[in-house]
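Both backbone and side-chain heavy atoms feed into the values below; hydrogens, waters and symmetry mates do not. Chain naming here is simple, since letters A, B, ... match the order of the sequence lines and numbering starts at 1 in each.
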Amino acid sequence: MLEVKGLSKYFSSGILRKRYTKAVDDVNFSIKRGETLGLVGESGCGKTTLGRSILRLIEPTAGKVLFDGIDILKLNKKELRTFRPRMQMIFQDPDASLNPRMKIRESIAEPLKLQRVEKCEIEGKVQELIERVGLSPEHANRYPHQLSGGQNQRVVLARVLALNPDFIVADEPTSALDVSVQAQILNLIQDLKRELNLTLLFISHDLEVVRYMSDRIAVMYGGKIVEMGDVEDIFNDAKHPYTKLLVSGKEVV
Amino acid sequence: MNLLKIKALRVYFPTDDGIVKAVDGVDLNIKREEILGLIGETGCGKTVLGMSIMRLIQSTTLTDGEIIYKDRDLLSLSDDEMRKIRGGEIAMVLQNPMTSLNPVIRVGEQIAETIRLHQGLDKKAARKRVIEMLRDVRIPDPEKSVDSYPHQLSGGMQERVMIAMALASDPELIIADEPTKGLDVTVKREIIRLMKEVTAKRSMLFITHDLGAAAEICDNIAVMYAGELLEHASVDSIFSEPLHPYSEGLLNSLPERGLKPIRGISPSLIDTPQGCRFHPRCDYAMEICREKHPEMVKLEDGRAVRCFLYA
């Protein structure tokens, strides 16, 4: 369903003597429909840049991103806008992902309005989504600062689901949350994925989380994907030295 | 031998919305050369507990109870006396080195400040000592790093600077507040190894919500929830057989243990539930849990747990 070919993103700095940082360097992979690909790597390895480049939240330097055969990088602005609802992103910090001045109800209604859902239907849809992500109806009238991080991440999920996406990039969706809440959110993502047959790119630095969430894992190091394989193969039979290092020193709990 | 004894400690913050009971009746001892883990989730009061040992909580707070360090109650010391202990015999490793280090002062200077204050060394001797310290915490090329600014160092290196700073006064007790927060897996492992090494002959209160890190480094674990302790046990017994339903729930939330969440969310510290504070989220809650507040029960094997299942 999604095919990434030779994707690169270089950042340049300096005016006279340009220097380039290869944040993403010639990355190739594909994701099947309904599959979750986990992307692990340490901070600064380029995994967030990769996730954003795929959705064209930043413009990649080179490469192809084929989504159901359509090259996303070739779309013009208008085409991209009609395409966007199908590919969504969940960010790290739920509190920063929501407009602090909007009530939860308005935040969730916004994507529906953009979809030109009939006005009279919006309220019902909002209620449905709120229930869908495990919030209670009274949350609709609150502001993000009145909710916990876990609850806000549920609101973010409701907003994403409002657009009926096929593909979601989840960039460390639980790294700001406590373990007991993290478990709630990860389970919710798993349930939604199964029900709606979503395809997921799940980015995290937490190996155990990726192991639980993914069908396959890609390990990123210094802008390149250094190893990719089925979850158990990566954990039991890592080939690349960096993967070995990651997997070997797992804390024994 | 207990180095630090906390008795019935209460730390309340008056706010416009009501009184925030961040620490609400905590009894806790730290033995000599013990590494005690204080684990709990965001907003359970664990950082406030650590800060109150150092008396870093502002004066408008309502504090009650005793914090006895070597027969002296830290809460009744004068500010001058406390200043000698703080950063001297008791040192702290704060979370988030990026914001805890002064961005416009070279790291060497920042460490030297403590040394000059507590050991009375002159500038040159202090610098020499700082370089040694940086070498002790395995910062590469210490002669050069001593003149770096914090932003020139990586997160892991900054954390090492924080540790060096805490060790500068050769403290007996270290209070480490989430020293591994925000670090990559591989870096985290190195920091834990380093902390284990430097605390071999010291005591440490290791505050964290990272259960894996706690399991690696601690001798004993205290579990905190909504301002009070719920369980206190050795690291092996708590990870193999957690007694309190909250401890069990926390462990089961880990991905490697099946990712079974605890339902609901942590209560607000302004309005804690009646009876047992955990009962609204507890799968084993009984009638009595709604009505009565459980006391900490000491069990035969030295463990302690605050739950009616064991009363």
Side-chain angles (χ1 to χ4, degrees), chain A residues 38 40-45 47 92 134-136 139 146-154 172 174-191 202 204-214 219 221 231 235 241-253, chain B residues 17 39-44 46 154-156 180-190 192-193 208-218 221 223 225 235-236 238-240 242 245-268 278 281:
Chain A
V40 284
E42 53 193 8
S43 29
C45 76
K47 53 191 194 301
Q92 271 181 45
L135 291 169
S136 36
H139 289 128
Q146 294 170 308
L147 300 183
S148 68
Q151 288 170 328
N152 278 335
Q153 199 59 297
R154 288 176 193 268
E172 307 250 17
T174 58
S175 66
L177 305 175
D178 277 318
V179 264
S180 72
V181 183
Q182 162 173 291
Q184 293 174 355
I185 299 295
L186 292 179
N187 281 321
L188 176 63
I189 295 178
Q190 286 287 55
D191 291 347
F202 191 90
S204 177
H205 67 271
D206 188 328
L207 269 179
E208 286 300 333
V209 169
V210 168
R211 180 183 206 170
Y212 183 85
M213 296 296 288
S214 316
V219 182
Y221 186 75
V231 174
F235 272 86
Y242 178 69
T243 316
K244 279 185 188 158
L245 183 69
L246 269 184
V247 178
S248 68
K250 253 185 345 106
E251 291 123 329
V252 202
V253 176
Chain B
D17 299 322
I39 60 178
E41 299 182 282
T42 313
C44 73
K46 56 190 192 304
S154 69
T180 58
K181 198 177 184 177
L183 298 177
D184 282 320
V185 208
T186 44
V187 181
K188 193 166 97 181
R189 247 180 259 146
E190 284 163 28
I192 287 181
R193 200 176 307 145
T208 188
H209 69 263
D210 185 336
L211 301 173
E216 288 267 303
I217 196 169
C218 300
I221 301 274
V223 182
Y225 182 79
V235 73
D236 293 338
I238 207 155
F239 280 99
S240 60
Y246 176 64
S247 317
E248 186 188 312
L250 263 189
L251 287 173
N252 287 340
S253 309
L254 291 172
E256 53 270 47
R257 295 208 185 193
L259 208 68
K260 290 186 281 293
I262 306 174
R263 64 190 149 91
I265 55 169
S266 302
S268 137
F278 185 61
R281 305 176 71 189

Within the 4.5 Å heavy-atom criterion, are [X] and [Y] side-chain neighbours or not?
X	Y	value
A:Glu42	B:Thr186	yes
B:Pro261	A:Asn187	yes
A:Val179	B:Leu250	yes

Can you tell me if [X] uses its side chain to pair, donor with acceptor, with the backbone of [Y] under 3.5 Å?
X	Y	value
A:Asp178	B:Glu41	no
A:Gln184	B:Ile262	yes
A:Arg211	B:Pro255	no

Name the region of B:Arg193, side chain, backbone, both or neither, that has any atom closer than 4.5 Å to a heavy atom of chain A.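 For B:Arg193, no heavy atom lies under 4.5 Å from chain A.
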Worked check of side-chain hydrogen bond (donor to acceptor under 3.5 Å, both in side chains) between A:Gln182 and B:Ser253: CA-CA 8 Å; A:Gln182 162 173 291; B:Ser253 309; over 6 Å; no
Could you give the distance from [atom1] ([X]) to [atom2] ([Y]), rounded to the nearest 0.5 Å?
X	Y	atom1	atom2	result
B:Arg189	A:Leu246	CZ	CG	7.0 Å
B:His209	A:Leu177	NE2	CG	9.5 Å
B:Leu251	A:Ser180	CG	OG	11.5 Å

Would you indicate whether A:Tyr221, at its atom OH, is surrounded by more than 12 heavy atoms from other residues, nucleotides or ligands within a distance under 6.0 Å? no
Proximity breakdown for A:Ser43 and chain B, heavy-atom pairs closer than 4.5 Å: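 It is both, since atoms from each part get that close.
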